[in-house]
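By convention in this document, chain letters (A, B, ...) are assigned in the order of the sequence lines, proteins followed by strands, and residues within each chain are numbered from 1. Every heavy atom of this structure was used, including side-chain atoms; hydrogens, water molecules and symmetry mates were not.
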2 protein chains.
Amino acid sequence: MFIIIMNLQLDQIKDKLIEHNIRPSYQRIKVLEFLLNHDIHPTIEEIFHELAPDIPSLSKATVYNTLHALVEGGLARVISIDENEKRYEAMLKNHGHFKCENCGCIFNFGIDIDQLIVSDLAQFSVKEKSVYFKGLCPDCIKKQILIIKEGN
Amino acid sequence: MFIIIMNLQLDQIKDKLIEHNIRPSYQRIKVLEFLLNHDIHPTIEEIFHELAPDIPSLSKATVYNTLHALVEGGLARVISIDENEKRYEAMLKNHGHFKCENCGCIFNFGIDIDQLIVSDLAQFSVKEKSVYFKGLCPDCIKKQILIIKEGN
DNA sequence: GTTCCTGCAAAAGCTTTGCAGAAGA
DNA sequence: TCTTCTGCAAAGCTTTTGCAGGAAC
């Protein structure tokens, strides 16, 4: 029973790829599955290490190729909130990204990005909008307060 | 007279560096001057090639070091609107960046970023906000229309 | 059967590092 | 004088490329 459910999920992902004109190889299905089921904005490295046990022959070049294909096909997007690393996520609408400068975690937050209409850009054709914030997450704020208290 | 004005400008830039605890070497003064006087969001490469004629001994490592120092000191910021290249600008407030996907130009646009308050982030400490848009600039829209007309 | 993808290894870029000499405080 | 910066070269990463075999259509 469990296996049937799993197969259904994989079939749905396969269909998504076909809809977007991406040939549904096993590697691509697994990468997209990982993005859809883990909202952790992984790097290429993280995706590779996560999938390598399941696909022993997996090559990092394939992970690069796959993510390019997914981005190209509109199924994933790059998050460049941190200029030193590229992170990826399955395409979702209307959220921004917050990166904690202490722990490095990236959080989604709800924001109506389409509402951001800018008069300066009246003559422009805007196709993609990204909102990136940085600062401290609640956990790290608590930790910093503790450190300050201990320090005194 | 012109020379005096130039020197004054360089002195002002020198003072800016000192205020931010950055030792004002000639290289650093020239890099910051370039950022302040050219609103073109240059890459490291572009800054290097622009300054190399004036400072024949200039090393790219120094340009890297300098920009790290300026960003660290709060005098410059990184623009990661394009995940494949880092661009730099002198620190300015309240504007977003638009990148034309056709010509690659980056435009500033006015936006009151501080007004972007997000209820999901009530528990977070937000220190930096970036807004990046992509699409087509007015010139490229015109060119595309021409291409379509010629195509028919 | 054709086309496209994968995996490997090599190549290409970009960025950092180590160090000796030079410049700034 | 002491500290910090520069410039060079080498090293370290990340990403891309070329190609032979394999998978998808």
Asker: Sort and list the pairs that fulfil salt bridge (charged side-chain N to carboxylate O under 4.0 Å, His left out) and have at least one residue in residues 44-55 of chain B, not counting sequence neighbours.
Answerer: B:K30-B:D54, B:E45-B:K60, B:E46-B:R87
Asker: Does a salt bridge link A:E85 with A:K99, judged by any charged N lying under 4.0 Å from a carboxylate O?
Answerer: yes
Asker: What residues from residues 76-84 of chain A pass a heavy-atom cutoff of under 4.0 Å to DNA chain C?
Answerer: none
Asker: Identify, with sequence neighbours excluded, every residue that meets salt bridge (Lys or Arg N to Asp or Glu O under 4.0 Å) alongside B:E83.
Answerer: B:K134
Asker: Compute the bend angle of the helix from C:dG1-D:dC25 to C:dA25-D:dT1 from the end axes (five pairs per end), rounded to 10°.
Answerer: 40°
Asker: Are the side chains of A:H95 and A:V131 in contact, using a 4.5 Å heavy-atom criterion?
Answerer: no
Asker: Just to be sure I understand the geometry, which residues of residues 39-59 of chain A put a non-hydrogen atom under 4.0 Å away from DNA chain C?
Answerer: A:S57, A:L58, A:S59
Asker: Quick check: closest heavy atoms across B:C103 and B:C137, and the distance to 0.1 Å?
Answerer: SG-SG, 3.9 Å
Asker: What residue pairs, at least two apart or across chains, pass ring-ring contact (aromatic ring centres under 6.0 Å, His included) with a residue in residues 103-143 of chain B?
Answerer: A:F98-B:F124, A:F107-B:F124, A:F124-B:F107, A:Y132-B:Y132, B:F109-B:F133
Asker: Less than 4.5 Å apart, side chain to side chain, heavy atoms only: is that true for B:I44 and B:Y88?
Answerer: yes
Asker: Using only atom types and a distance under 3.5 Å, with no angle test, would you say the side chain of B:N102 pairs donor to acceptor with the backbone of B:L136?
Answerer: no
Asker: Reading nucleotides 19-25 of chain D 5' to 3', which nucleotides get B (base under 4.0 Å from a protein heavy atom), which S (sugar-phosphate only), which -?
Answerer: -----BS
Asker: With side chains defined as the heavy atoms from C-beta onward, is the minimum distance between A:V78 and A:V71 less than 4.5 Å?
Answerer: yes
Asker: So A:E85, base contact, sugar-phosphate only, or nothing? Heavy-atom distance under 4.0 Å.
Answerer: nothing
Asker: Can you name the residues that form a salt bridge (Lys or Arg N to Asp or Glu O under 4.0 Å) with B:E72, not counting sequence neighbours?
Answerer: none
Asker: Which residue pairs satisfy the salt bridge (charged side-chain N to carboxylate O under 4.0 Å, His left out) criterion with at least one member in residues 115-126 of chain A, sequence neighbours excluded?
Answerer: none
Asker: Measuring only between side-chain heavy atoms, which start at C-beta, is A:L35 closer than 4.5 Å to A:L75?
Answerer: no
Asker: Taking A:T66 for its side chain and A:R28 for its backbone only, find out whether a donor-acceptor pair lies under 3.5 Å.
Answerer: no
Asker: Mind checking salt bridge (Lys or Arg N to Asp or Glu O under 4.0 Å) for A:K14 and listing every partner two or more places apart, or none if nothing turns up?
Answerer: none
Asker: With sequence neighbours left out, write down each residue that passes side-chain hydrogen bond (donor to acceptor under 3.5 Å, both in side chains) with B:S130, or none if nothing qualifies.
Answerer: B:R77
Asker: Of all nucleotides in DNA chain C with an atom under 4.0 Å from a non-hydrogen atom of chain B, which is the first and which the last going 5' to 3'?
Answerer: C:dC14 to C:dA25
